[in-house]
S.K.: 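Dropping a structure here in structure tokens format, bear with me for questions.
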Amino acid sequence: MQEWWRDAVIYQIYPRSFQDDNGDGVGDLAGITRRLPHIADLGVDCIWLSPIFFSPQKDMGYDVSNYKDIDPLFGSLEDFDTLVIRAHELGVKVIVDQVLSHTSDQHAWFKESRVDRENAKSNWYVWADPLPDGSPPTNWHSHFGGPAWEYDAQRGQYYQHNFLASQPDLNFHNPDVVDAVLDVCKFWLDRGLDGFRLDTVNYYVHDQELRSNPPAQANLDVMATDLFAMQDNIYNKNRPENLLFLEKLRALTDQYDDVVLVGEVGEGGRRAIEVMAEYTAGQSRLHMAYSFPMLGPDFTAEHFRNCIEGFQQGAPDGHPKWSFSNHDVPRHVTRWADHAVDEQSIAHLACAMLMSFEGTIGIYQGEELGQVETELVYDELTDPPALRFWPGVKGRDGCRTPMVWEHDKPNAGFSTGQPWLPVKDPQISRSVDLQDTVDQSTLSFYRRAIAFRKENAALRAGKTTFVNLPEPLLAFHRVADDQSITCVFNLSKDPKTVTINGVAQLTGPYNGELHGTELTLPGNGFAYLDHEKSISLSG
């Protein structure tokens, strides 16, 4: 029997922005529980909750101060248990974000560690002496601007932080740290959780020799906040010892039934696919991994093919998870607007593509509504990089604004209070109630596309073989057992025609037309072709 996660559709919930039931303007667990039927009706298999643990919220919960309790902002442990029970009643599994590479500087572990160099937790974080001139120990960069080192006057040393200075990195070379982190994971698995999404999974281990990174070989575009791309980051992430920790974590999760580990690989380009492959190879590491190549601006047939084939070749026994949007990047309907006939067309095309990919599929809340990026002004921002580097960086708030449920209620039904981020008219116009019973809506299309994927073994578990067609046409065969489905997508605004050599018929959701051997796709068109014998395409 195939594991549930291999062909699953996972729905990411950003708890701050899903549903607020206590009126404080911030989403909560009770609100998520109330809205679970919406998710179950989509047909997804699992929800992923972004961080809900105790946190000062300097980085929206990705700075944990207590791993074993729920932040009161979201509710209580009892609220969490209720959510899990209700989700399971609806046939939906639950995984949560585990941010293990670093903690908040308000965590008890760090408060003790920074006191002096001799205490019981003095070596739980990455501490190092200044260089003779007082500068940081290495040239490593922080993702949120400046060096990845913060000087602590109390200890007279620097500590490492890959993100905010208030997010010190744990020292995974210390076995006590490893044991403590595994104990945290066990705590949640024992409460019935179905797995973890592991934040920055390739950042856990640093180079013990504290060697500085060499400059990058290629001249890459660099964000104003993020000078990482100017270095070949071989000493501050992707260390070989990282795999040893993952094997220990996998050994723990293998003690439970049907538990999954999903790793976020913080990489770009070809290297991202290589690390995904390495981290999912065999049966002793991650169950699956995802990275950022499909979360960027690239929208060509060659790009999507390279991502999928690169993974196939790099990890023939590994498993990928593919997503187009999440809480860290602009929403894909906006990101790919230059290639769109209109916003609904690109939303439907993206859904049709994603549901045809081999592997596990991830969708981000609001994606099923065709939601677009929210335009914000400086006074509306909360994201640390945006606050620091505006207007050079717009930050991540634009994709994190609240879900819109009922168009004619205050804040579109998200909250009776003042929302933590604004709910604006372009988002309200895509509310759930305006789409729920409309056959041609994006919400209805997502339901049909997910159901079609689940009904067809070729899309759930079939192997992928790409067809050589010219840009902007992406095509591939999915074959499982005695079923064959060929998927064809037009990634441009202009109509395209494909010639079919063989006998096939249109199936599932599509917006193309098949006349004899000629398949005509409108701009942003797509089609699934069902056939018993092999066919070939030319265009």
Side-chain angles (χ1 to χ4, degrees), residues 1-22 27-53 61 67-71 74-98 184-199 249-250 252-263 286-288 319 321 323 355 359-368 403 405 432 443 446-447 450-451 453-455 460-461:
M1 180 177 177
Q2 178 166 289
E3 298 99 330
W4 67 268
W5 47 268
R6 286 193 176 274
D7 59 357
V9 178
I10 299 177
Y11 184 98
Q12 181 191 356
I13 293 176
Y14 198 68
R16 297 179 70 94
S17 296
F18 198 66
Q19 176 65 59
D20 169 28
D21 265 17
N22 66 5
D28 46 46
L29 296 181
I32 294 171
T33 302
R34 178 160 67 88
R35 296 293 190 183
L36 282 173
H38 166 78
I39 297 169
D41 288 346
L42 270 178
V44 305
D45 303 283
C46 178
I47 57 173
W48 147 31
L49 303 177
S50 288
I52 52 176
F53 309 126
Y67 283 110
K68 291 187 177 181
D69 204 352
I70 302 297
D71 195 296
F74 303 118
S76 64
L77 278 170
E78 290 72 23
D79 291 328
F80 174 82
D81 292 340
T82 299
L83 187 157
V84 172
I85 291 169
R86 179 59 177 145
H88 288 171
E89 288 174 351
L90 293 169
V92 177
K93 296 183 181 293
V94 182
I95 65 176
V96 299
D97 239 314
Q98 276 288 19
V184 165
C185 295
K186 185 177 187 302
F187 175 85
W188 292 104
L189 293 174
D190 287 343
R191 296 191 85 91
L193 200 63
D194 299 298
F196 303 110
R197 180 267 189 185
L198 300 168
D199 187 64
L249 181 56
R250 177 64 179 266
L252 169 67
T253 59
D254 282 349
Q255 298 172 27
Y256 299 80
D257 292 332
D258 293 333
V259 167
V260 67
L261 296 174
V262 187
L286 300 177
H287 295 88
M288 56 181 149
H319 193 79
K321 174 178 177 284
S323 304
M355 294 307 154
T360 302
I361 302 306
I363 59 178
Y364 177 50
Q365 67 178 49
E367 186 175 326
E368 76 276 21
M403 273 286 285
W405 299 99
V432 172
L443 176 57
Y446 264 79
R447 290 170 178 159
I450 293 171
R453 176 182 172 87
K454 291 183 174 300
E455 292 162 0
R460 291 197 318 273

S.K.: Find the distance between CG (Asp28) and CG (Asp71) and round it off to the nearest 0.5 Å.
M.R.: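 The CG atom of Asp28 sits 11.5 Å away from the CG atom of Asp71.
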S.K.: Please name the pair of heavy atoms, one in Ala87 and one in Val94, separated by the smallest distance, quoted to 0.1 Å.
M.R.: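 Nearest pair, atom of Ala87 first, then Val94: CB-CG2, 3.6 Å.
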S.K.: Within this structure, what is the CG-CG distance for the pair Leu42 and Leu443, rounded to the nearest 0.5 Å?
M.R.: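 Here the interatomic distance stands at 6.0 Å.
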S.K.: State, yes or no, whether a side-chain contact exists between Leu189 and Phe196 at a heavy-atom distance under 4.5 Å.
M.R.: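 A side-chain contact exists here, since the closest heavy-atom pair is under 4.5 Å.
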S.K.: Drop me the distance from Thr253's OG1 to Leu261's CG, to the nearest 0.5 angstrom.
M.R.: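 Going from OG1 on Thr253 over to CG on Leu261, the span is 4.0 Å.
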S.K.: Show the nearest heavy-atom pair for residues Val259 and Leu193, with the distance to one decimal.
M.R.: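 Shortest heavy-atom separation between Val259 and Leu193 comes out as CG2-O, 4.1 Å.
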S.K.: Going from CG on Asp258 to OH on Tyr256, what distance comes out if it is rounded to the nearest 0.5 angstrom?
M.R.: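 Output value for this atom pair is 14.0 Å.
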S.K.: Does a side-chain heavy-atom distance below 4.5 Å link Val432 with Arg35?
M.R.: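 Counting from C-beta outward, Val432 and Arg35 never come under 4.5 Å.
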S.K.: Restricting to non-hydrogen atoms, name the atom on Leu249 and the atom on Cys185 that form the minimum distance, rounded to 0.1 Å.
M.R.: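 Closest approach of Leu249 to Cys185: CD1-SG, 3.9 Å.
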S.K.: Return the set of residues passing side chain to side chain contact (heavy atoms under 4.5 Å, CB included) with Asp199 (not counting sequence neighbours), or none when no residue passes.
M.R.: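 If we apply the side chain to side chain contact (heavy atoms under 4.5 Å, CB included) test to Asp199, skipping adjacent residues, the hits are Tyr62, Asp97, Val99, His102, Arg197, Glu264.
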S.K.: Hey, are the side chains of Trp48 and Val262 touching, using non-hydrogen atoms and a 4.5 Å cut-off?
M.R.: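 No. Closest side-chain heavy atoms not under 4.5 Å.
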S.K.: State the CG-CZ distance between Leu49 and Phe74, to the nearest 0.5 angstrom.
M.R.: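 The CG atom of Leu49 sits 10.0 Å away from the CZ atom of Phe74.
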S.K.: So, do Met288 and Arg6 sit near enough that their side-chain heavy atoms are less than 4.5 Å apart?
M.R.: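 When only atoms from C-beta onward are counted, Arg6 and Met288 do not touch, as no gap falls below 4.5 Å.
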S.K.: For the residue pair Arg34 and Phe18, establish whether any side-chain heavy-atom pair is separated by less than 4.5 Å.
M.R.: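 No, every pair of side-chain atoms sits at 4.5 Å or beyond.
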S.K.: Could you check Leu83, Asp21, Ile85 and say which one makes a side chain to side chain contact (heavy atoms under 4.5 Å, CB included) with Thr33?
M.R.: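 Looking at Leu83, Asp21, Ile85, the match for Thr33 under the side chain to side chain contact (heavy atoms under 4.5 Å, CB included) is Leu83.
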S.K.: Answer yes if the side chains of His38 and Glu368 hold a donor-acceptor pair under 3.5 Å, and no otherwise.
M.R.: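 A pair is found: one side chain offers a donor N or O, the other an acceptor, under 3.5 Å apart.
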S.K.: Which pairs, with at least one residue in residues 39-49 and sequence neighbours excluded, count as a salt bridge (Lys or Arg N to Asp or Glu O under 4.0 Å)?
M.R.: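 Residue pairs with at least one partner in residues 39-49: Asp45-Lys454.
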S.K.: Not counting sequence neighbours, which residues clear side chain to side chain contact (heavy atoms under 4.5 Å, CB included) with Arg460? List them please.
M.R.: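 Arg460: side chain to side chain contact (heavy atoms under 4.5 Å, CB included) contacts with Asp7, Ala457.
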S.K.: Using the test side-chain hydrogen bond (donor to acceptor under 3.5 Å, both in side chains), find all partners of Tyr364 that sit at least two apart in sequence or belong to another chain.
M.R.: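 None.
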S.K.: Could you give the distance from CD1 (Ile47) to CG (Leu90), rounded to the nearest 0.5 Å?
M.R.: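 One finds 9.5 Å between CD1 of Ile47 and CG of Leu90.
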S.K.: Any non-hydrogen side-chain atom of Met403 less than 4.5 Å from a side-chain atom of Ile13?
M.R.: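 Met403 does not reach Ile13 side chain to side chain.
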S.K.: Mind checking whether Phe53 and Trp188 have parallel, tilted or perpendicular rings, split at 30° and 60°?
M.R.: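 Ring orientation of Phe53 relative to Trp188: tilted.
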S.K.: With sequence neighbours left out, write down each residue that passes side chain to side chain contact (heavy atoms under 4.5 Å, CB included) with Lys68, or none if nothing qualifies.
M.R.: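 Result, side chain to side chain contact (heavy atoms under 4.5 Å, CB included) vs Lys68: Asn66, Asp183, Val184, Phe187.
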S.K.: Can you confirm whether Tyr11 sits close enough to Glu367 that some side-chain heavy atom of one is under 4.5 Å from a side-chain heavy atom of the other?
M.R.: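 Tyr11 vs Glu367: side chains apart.
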S.K.: Identify the two heavy atoms, one from Pro37 and one from Arg86, that lie closest to each other, and give their separation to 0.1 Å.
M.R.: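 Minimum heavy-atom separation between Pro37 and Arg86: CG-NH2, 4.4 Å.
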S.K.: Kindly write out the residues that satisfy side chain to side chain contact (heavy atoms under 4.5 Å, CB included) with Gln255, not counting sequence neighbours, or none if the list is empty.
M.R.: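 Partners of Gln255 under the side chain to side chain contact (heavy atoms under 4.5 Å, CB included) test: Leu252.
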S.K.: To check you understand the geometry: which heavy-atom pair defines the closest contact between Gly61 and Pro51, and what is its length?
M.R.: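 For Gly61 versus Pro51, the nearest heavy atoms are O-CB, 3.2 Å.
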S.K.: Between Ser76 and Asp79, do the side chains contain a donor N or O and an acceptor N or O under 3.5 Å apart?
M.R.: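 On atom types as modelled, these side chains qualify, holding a pair under 3.5 Å.
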S.K.: What verdict does the side chain to side chain contact (heavy atoms under 4.5 Å, CB included) test give for Met355 and Val9, after you've listed the backbone C-alpha separation in whole Å, the side-chain angles of each residue and the deciding distance to 0.1 Å?
M.R.: CA-CA 9 Å; Met355 294 307 154; Val9 178; 4.2 Å; yes
S.K.: I'd like to know if the side chain of Asp194 reaches the main chain of Ile95, judged simply by a donor and an acceptor atom lying under 3.5 Å from each other, with no hydrogens or angles considered.
M.R.: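 No; zero donor-acceptor contacts below 3.5 Å.
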S.K.: Does the side chain of Lys321 reach to within under 4.5 Å of the side chain of Trp5, using non-hydrogen atoms?
M.R.: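 Sidechains of Trp5 and Lys321: no contact.
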S.K.: Is the side chain of Gln12 donor-acceptor paired with the backbone N or O of Gly362 at a distance under 3.5 Å, no angle test?
M.R.: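 No; zero donor-acceptor contacts below 3.5 Å.
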